[in-house]
Number of protein chains: 2
Amino acid sequence: MPNDKKPVFEGNITADDVAVEAGVSRWTVNRAFRKDASISSKSLEKVRIAAEKLGYVPDLRAASLASDRSNLVALLIDDFANPHKLVMMERLTRILRREGWDILLVNTLDRADAGHALLNASQRRVDAVILIGIQFDDEVLDTALHARRFRKLIIFARTSRNPNTISIAVDDVHAMKEIANYVHERGFRRPMFLAGPRTSSAHLLRKETFVDYWRQHFGSEPETVSVSAYDPALAASIVETTLVDRNKATLPDILVCENDALAIGATDVIRHKLGLRIPQDIAITGFDDVPQAEGANYRLTTYRQPLTDMAEYLVKVLGSEEDRDFDRLFQGKLMIRDSA
Amino acid sequence: MPNDKKPVFEGNITADDVAVEAGVSRWTVNRAFRKDASISSKSLEKVRIAAEKLGYVPDLRAASLASDRSNLVALLIDDFANPHKLVMMERLTRILRREGWDILLVNTLDRADAGHALLNASQRRVDAVILIGIQFDDEVLDTALHARRFRKLIIFARTSRNPNTISIAVDDVHAMKEIANYVHERGFRRPMFLAGPRTSSAHLLRKETFVDYWRQHFGSEPETVSVSAYDPALAASIVETTLVDRNKATLPDILVCENDALAIGATDVIRHKLGLRIPQDIAITGFDDVPQAEGANYRLTTYRQPLTDMAEYLVKVLGSEEDRDFDRLFQGKLMIRDSA
DNA sequence: ATTAATTTTGCTCCCGCGTGCAAATTTCTA
DNA sequence: TAGAAATTTGCACGCGGGAGCAAAATTAAT
């Protein structure tokens with residue numbers, strides 16, 4: 001095999017090399033790669049050609065080191081069993097990248113691991129940390145803030161009352177009231193609320209809102225069940241053990257789920273293990289509007305979060321130098337389908 | 001609210017500060033944070049205390065710049081509609097992080113975007129690039145390799161014949177033969193193969209293998225249909241338009257799908273739009289063994305990829321300094337459930 | 001107790017690029 | 001076309017830490 005030499009790694013083409021090739025100074029070369037620099041079109045062109053020829057690409061590590069801006073944000077995620085995480089990641093990574101932000105992905109195993117995950121991020125000197133997880137309670141946040149190494153700590157798709165974090169989320173209270181009202185008006189009277197893990201803080205207000213609504217309108221507490229993770233499989237087994245022995249009279253007429261991950265697991269088990277029909281025997285609602293909620297199998301009535309708007313707002317926050325309160329709640333949309 | 005001052009960002013605690021505090025030189029401080037450095041336990045302790053007090057954490061950008069090792073790998077992903085991607089990401093991020101690798105996540109929009117994604121990675125001087133996507137054909141790979149800026153280019157969960165890349169994947173041929181053999185032995189005679197997008201290269205050998213098997217054993221080509229993305233919703237609509245007008249005689253007796261994403265979409269539409277039963281009217285097989293394949297709803301017969309083993313091998317490859325052929329095929333496991 | 005062997009520590013010289021300013025060009029004005 | 005105004009360019013210095021070696025401090029050996 002002649003002429004099939006393996007490409008060798010050679011990462012040492014620096015701005016100096018390009019400068020010599022183009023006949024300008026190193027600083028002019030670097031300017032050519034910064035969008036805000038003042039440079040004549042003539043030398044820009046010279047640099048471009050030389051860089052192209054040598055295969056030069058600026059080293060962002062060095063740029064970051066010198067400028068104290070990394071253009072890197074850390075994305076701390078857990079809860080990978082929840083299909084909605086895939087949607088969030090897709091949306092965030094796409095929009096962040098479009099705006100010039102690179103992303104450090106950190107899989108945060110559990111609460112005890114959150115500190116290490118944060119450490120990871122701080123060692124890379126990220127400009128901001130985005131939390132898309134359920135393991136971040138006040139204690140963790142305080143630790144992170146105490147380290148004082150993050151310019152911005154953003155809680156995405158989850159509200160937080162911590163004054164030093166930025167929370168970008170859907171308005172859970174408003175949304176769940178809308179769902180509760182729908183459930184009410186459609187004549188359901190024996191709802192069961194299927195909740196996710198009850199973290200000590202920064203958790204969703206969905207359950208509380210629904211319970212309040214029901215108490216207010218009927219004077220009674222709806223039954224609630226909690227699942228220790230947003231995992232369809234786990235939700236399925238919990239729902240099965242909860243409902244398997246019940247007769248028609250004690251069965252709830254609707255299962256209001258904290259999110260689609262739970263609703264999907266519940267749907268599966270209600271149909272295939274309990275042999276009941278949806279929505280005739282038990283109706284179901286979810287939250288998030290994951291892709292499969294719309295599919296022919298689930299046709300799930302759920303609440304769509306305006307993820308794109310939220311992500312767009314997020315990049316706006318990232319780009320801002322101001323130091324004001326960026327917290328913001330978004331309105332989503334109730335998607336009425338066949339499950340309720 | 002007294003004493004509630006907002007934590008200020010102050011990222012300027014450097015090794016020099018710690019050195020002064022601990023009464024040692026800067027280099028000793030840095031040594032204290034490297035696991036392979038020779039340092040006395042006495043000064044290690046002094047540094048630890050000083051660093052703790054000042055909240056010092058080494059700057060990995062600077063370390064990377066000086067050592068020419070970033071301990072960063074880029075993960076280029078597309079195809080976010082495929083639920084298996086979430087599983088892959090979880091596994092890879094968990095295992096890579098455990099071994100000290102940080103991850104730069106790059107959402108690669110389409111083929112035209114692959115070059116930019118690669119550029120992103122090279123600007124951060126990642127030590128390796130991991131491709132988990134379908135958009136990376138030979139042309140893209142050649143471009144990437146031509147730039148010579150990556151020590152390792154790893155194609156994960158997909159085979160590549162490019163001699164300069166490292167491919168870590170399941171043995172498609174072996175796996176699909178096993179599936180084909182199962183289909184054959186269970187007496188199915190009118191299979192239809194549901195394939196994904198046909199990229200020009202680095203694609204899966206599943207369809208070819210199945211078609212070959214069938215031709216060899218029956219002398220006839222099985223019907224094949226192709227979906228332009230591994231998206232359950234898209235698969236559903238293609239399957240519907242393909243099968244909707246058929247009568248019992250012309251309907252396939254089994255749908256062999258290139259992966260679970262397609263199988264799931266197909267299942268939904270077969271049940272809920274065509275009103276057929278699985279597996280009595282049409283059986284289905286998938287590939288990947290995504291979480292929902294095991295759930296009560298799908299009970300999908302599929303082929304499980306040994307993702308953990310593959311990821312463990314990947315970190316071994318990353319850590320190796322040798323320059324040999326790291327390509328490797330893994331054996332998975334046929335998971336027989338109710339769908340076929 | 002000395003000297004040799006070993007471990008620790010400090011230091012010089014980079015890594016590649018941004019900041020801010022002064023010098024050099026270019027463009028504009030009268 | 002000279003002189004002023006505006007734009008470009010070059011440069012010293014710094015960002016935070018690693019490699020490799022020489023000096024210093026410990027430990028081992030005789």
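Order of the sequence lines sets the chain letters (A, B, ...), proteins ahead of strands, with each chain counted from 1. Side chains included, hydrogens not; waters and symmetry mates left out as well; all remaining heavy atoms used.
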Review point. Does a salt bridge link B:R34 with B:D36, judged by any charged N lying under 4.0 Å from a carboxylate O?
Key: no
Point to revise | A:R97 with A:D102: basic N within carboxylate O range, under 4.0 Å | key: no
**Study point:** Given C:dC15, D:dT9, C:dG18, the nucleotide with the shortest approach to the side chain of B:L65
**Key:** C:dC15
Revision key, fill the gap. Between CZ of B:R31 and P of D:dA19 the distance, given in whole Å, is 10 Å
Check your understanding: Please give, in whole Å, the distance from C:dC17 P to A:R34 CZ?
Key -> 10 Å
Point to revise | Euclidean distance, atom CG of residue A:D16 to atom P of D:dG10 [Å, nearest integer] | key: 12 Å
Point to revise | Closest nucleotide among C:dG18, D:dG10, C:dT9 to the A:S67 side chain | key: C:dG18
**Study point:** Carboxylate-amine/guanidinium contact A:R98 A:E312, below 4.0 Å
**Key:** yes
Review point. Are any of B:T14's side-chain N or O atoms less than 4.0 Å away from OP1 or OP2 of D:dG17?
Key: yes
Check your understanding: Base, sugar-phosphate, or nothing: which does A:Y56 touch, judged by heavy atoms less than 4.0 Å apart?
Key -> sugar-phosphate
Practice item. Return yes when atom CZ of B:R48 has more than 12 non-hydrogen atoms of other residues, nucleotides or ligands closer than 6.0 Å, and no otherwise. Key: no
Point to revise | Whole-Å gap separating P (C:dG10) and CG (B:N30) | key: 12 Å
Study note, to complete from the structure: Of B:D36 and A:S25, the one whose nearest nucleotide on DNA chain D sits closer to the 5' end is A:S25
Practice item. Examine the base of C:dT19 for any acceptor or donor lying under 3.5 Å from a partner atom in the side chain of A:W27, and report the outcome as yes or no. Key: yes
Review point. In whole Å, what is the span from the CZ atom of A:R125 to the C1' atom of D:dG17?
Key: 11 Å
Check your understanding: Which part of the nucleic acid, if any, lies within contact of B:R61, taking any heavy atom under 4.0 Å across all strands shown: a base, the sugar-phosphate backbone alone, or nothing?
Key -> nothing
Point to revise | salt bridge (charged side-chain N to carboxylate O under 4.0 Å, His left out) against B:R328, all qualifying residues, sequence neighbours excluded | key: none
Check your understanding: Given atom CZ of A:R26 and atom C1' of C:dG16, what is their separation to the nearest angstrom?
Key -> 7 Å
Practice item. Rounded to the nearest angstrom, tell me the gap between atom CD in A:Q123 and atom C1' in D:dG16. Key: 13 Å
Review point. What pairs meet the ring-ring contact (aromatic ring centres under 6.0 Å, His included) rule with one or both residues in residues 96-123 of chain B, with sequence neighbours excluded?
Key: none
Review point. Using 4.0 Å as the upper bound for N to carboxylate O, is an ion pair formed by B:E321 and B:R151?
Key: no
Practice item. Scan residues 37-51 of chain A against DNA chain C and write down, sorted by residue number, each residue with any heavy atom closer than 4.0 Å; if none is found, say none. Key: none
Study note, to complete from the structure: Atom CG of A:L60 and atom P of C:dC17 are separated, to the nearest Å, by 9 Å
